[in-house]
Structure formats: structure tokens, C-alpha cells
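Comments concern the structure below.
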Amino acid sequence: MLRGLLALAASLLAPATAGAAEASVAVAANFAEPARIIAERFRARTGHTATLSFGSSGQFYAQIANGAPFQVFLSADAERPQRAEAAGLTVPGTRFTYATGRLVLYSRDGGRVDGRGEVLRKGGFEKLAIADPKTAPYGVAAVETLRKLGLYDRLAPKIVQGASITQAWQFTQTGAAEVGFVALSQAVAGTGGSRWLVPASLHTPIDQQAVLLRTGRSNPAAVAFLQFLKSPEAKAVIRRYGYQVR
Amino acid sequence: MAEVIWTTARLAGLTTVLLLVLATPIAWWLARGQGVAREIVGAVVGLPILLPPTVLGFYLLLALGPDSLLMAPLQALGVRTLAFTFTGLVIGSLVYSLPFAVQPLRNAFLAVGRHNLDAAATLGAHPLTVFGRIALPLAAPGYFVAAILTFAHTVGEFGVVLMIGGGIPGKTEVLSIEIYRLVEALEWRDAHVLAGLLVAFGFAVMLALLMLERRVARTATEDL
């Protein structure tokens, strides 16, 4: 207890002692949980601190483009890190896919969603929640899946869009929408309900990319954090949360 | 883009009209006395000013959803949820903008002054006549202010719609959300256009309010 307090006091008083550095990391909200755990382990392993900010990738991009003090960007997609790279906001050669998301058709009602997604054909629901395809890769994947199944036109009137995949999850969890396309990473956390893991062949891969921002070029914590993200230890955490890792 | 503006205007317009009607008895009652009950109701009415819209939106999502007791009578009629509907947005906006209608009206009724109303009542006027013939005309500037504030505040509504809207074109897609989406989708040019429109609108509203205030102050001095 006392030792804990002393350590806390020490860390508060001297955040940058003895080679330990701190990096500000902008993290896509859908990756919040694994990122927290990874940051903890990162600290235990390296002594460096990764301070996490959670938000939407698009807003982060806007902020980074306007000089926000982030050193690492963990986006929910590949497009925004690519755009950041093209705009010269990143350290070239540091961009990589840290997680690939899987899409799940989910309902909080047990037995509503069958193991093959036939419920989409059969209907019997009023609202189908998806993430906004204009802004969220999970939304794009949901629309692609519906098109590939030839059901988009029929189901379009039932679609409600969440501003993010988090919101699509909320809509589904509250029952406001009976079924919804959500992230597997969300569905693994939910207990009960029914789900269909959408085959990856039905949509373009939901690659989430990370990149070192120019502001973090000479920040050892930022460089080390991205390194740690590729470690087997971090990958195990990422997998546990329902993402695929290459 | 035009559809989004139209939906926003329709939402704000309908909310304003309904709220002026709904807020009138509340504001009148609040202005016509003192006591613990009035303080409590006043505080409840004022809550939306300081609650984050996402809190309101979250509660509204639950209140308008399939598990809600409030929805039970409607569910008997076959309405499963009011989330993701224009009606739901109107209900949300009524809650969200309530203080912006009640406060100016309450102040206006207070400014009418007890003695005016009591005098009329002593002369045998029916309470409704007192209200309609004396309080209402004298409180007219308050109604203008309430209308402008309610309309503008509803146009600026974001968190509530974000939580219960569901982004359905023509029904629940409003300006503030559209700007958010455009920024998010990196379509900054369109975002600039809409954001610029809102700035111009906001400026016009503030200007109108200030001019109205000055005019009310002038009439008041002329009355002396």
C-alpha cells in the first residue's frame, strides 16, 4: 500500500525520469479495451508510458492535420493513416496493420440470429443497425455484405446508422434495433444474445492501421510502443478481443 | 444537402411551435408564486441546460426504446420504438430545448407585474381573460425571445440526435450531424459550406436578439 502510494507519488512528480519517456497515442474508440491492456503491459515491460486518447478516427485525423500533439495514431481503418502519410504527417515506412476486424450480425435476443445469417432473408425485425458507411469501415463492410447477399435494396428501409460502430452496438444492445452489424470485438464482450460471424469473403478486410506521426519521430516511447504493438504479447491481447492479426 | 437543411428546419420549427404552447402554462405557473414545489419544478425544467446532451440522448434512447415503460401503451398500438423516427427527434428536442422556452416566458410573465394582473382580477376579470388580454400581450417580447432561442438551440442540437437519430435521410438526418459526418469522412469542403451557413445563421440570431432587447428596453422607457 505504502509502496504503491510512493510509486504513484514518484510517477506523478517525475514522469520523465531515467530514460522513461511518454507518448501520446490517439486510439480509435473501438480499440479502447485492448489498447488499455497493451499500454499497461507496455509500461511494465519498458518503463515507458503510453497516454491513450480515445475518439473517432476521422476526428483524430482532423486534429492531427491541425497540429494535435499525438505521436502515435491507431486508426480504425487504413484510409486515414494512408491519408496522413500522403499529407506528410507521418514518419515514412512506419504504417502497418495492427488488427483486422471481423463483422458480426448480432441480436441481444437469444435465437433471433441463426448461425448462417438466414434471419436477413427471413426478416421479422423492424430495424437493422449498421455503422455509418460514409465514415466507418465496419459500415462499409456491412453494406458490402448486404449487397453480396443481394439483400441491400430489400433491407435498406430498415437500416439505421450509428455515427460509429460503437453506436451501432448501442442501438443493438438497447434493443432499439433488433439486429445489427457490429464488430466481433464488441460481440465477444456481450453475454447472451445470438450472432452470426459474417464470412470474411463477403466484404473487404477491415484493416486497422497504426502509424508513427512526425511529432513522435524522436520520442523513444512512441517508437517503442509501435514496436510493442507487433510483439507476440500484444498480438495475443488483440486476438483475445476478436481481431485477427497477421 | 437541401434535404438535411429542410429536415433541420422542420424539426426546429415544429419544436418551437409545440414548445411555446407547452411552456406557457409551466412558465405562467412558475411566475405566479413561490414555494418549494415551484423551485423544484423550475430546477427540473432547467436541467437540460447543464446536462450533457449525450446524457439526455442516452436516457431518451432508453425511454423511447422497446424496454421502456413509457412505451408500453404505444407498443400495444404496434409502435415498437420511437428511436430513429422524426417523432422521436421532436420529443427529444422538446426536452432538450424546454428551458430555452420556459425561462424567457417566465421572465416575461414576471415582468408583467402582479399589480397589473391583480388590478384586472379585482375589477372582476376572469383569470383566462386576465391572461389573454393583459399578460399575453405584455409578454409578447418574451415569446419572440423564447421562439428565437428555441429554434436556434434546436438547430444546434447534436448529442441528442446523435444518440437517438440513426441517420435516416429525410427523417433524422440533421445539419449538426451532417457536419460531423462530413468532417469524419474527410469531406472538409462540404463541411465548410454547412458550418459557414450555421455561423451566419447564429450571427443573425444573436443580432436579432440584441435588437429585440434594445427595442424592448426602449418601449419600456417610453412607457414611463
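Naming convention: chains lettered A, B, ... in sequence-line order (proteins, then strands); numbering from 1 in each chain. Every value quoted in this text rests on a predicted model; they were computed, and no experiment measured them.
- Here P66(B) is the residue among G65(B), G165(B), P66(B) with the most heavy-atom pairs under 4.5 Å with chain A.
- The part of A65(A) that comes within reach of chain B is its side chain, from C-beta onward, which places non-hydrogen atoms under 4.5 angstrom from that chain.
- For chain A, no part of L64(B) is nearby; none of its heavy atoms comes within less than 4.5 Å.
- Taking the six-membered ring for Trp and thresholds of 30 and 60 degrees, F131(B) and F109(B) have ring planes inclined between 30 and 60 degrees apart.
- How far CZ of F171(A) is from OG1 of T81(B): 10.0 Å, rounded to the nearest 0.5 Å.
- Using modelled atom types and a 3.5 Å distance limit, the side chains of Y106(A) and S194(A) yield no donor-acceptor pair.
- With a 4.5 angstrom heavy-atom cutoff, I130(A) does not touch chain B via any of its atoms.
- Contact count against chain A (heavy-atom pairs under 4.5 Å) is highest for D67(B) among T172(B), D67(B), I168(B).
- Within the 4.5 angstrom heavy-atom criterion, atoms from both the backbone and the side chain of Q59(A) approach chain B.
- With a threshold of 4.5 angstrom between heavy atoms, L162(B) approaches chain A through its backbone and through its side chain.
- A donor-acceptor pair shorter than 3.5 Å can be found between the side chains of Q209(A) and R95(A).
- Contact check on R83(A) versus E79(A) returns a salt bridge, with a Lys/Arg side-chain nitrogen under 4.0 Å from an Asp/Glu carboxylate oxygen.
- In this structure, R38(B) is positioned above the aromatic face of W29(B), its NZ or CZ under 6.0 Å from the six-membered ring centre and within 45° of the axis.
- Of the atoms belonging to Y180(B), heavy atoms from both backbone and side chain fall under 4.5 Å from chain A.
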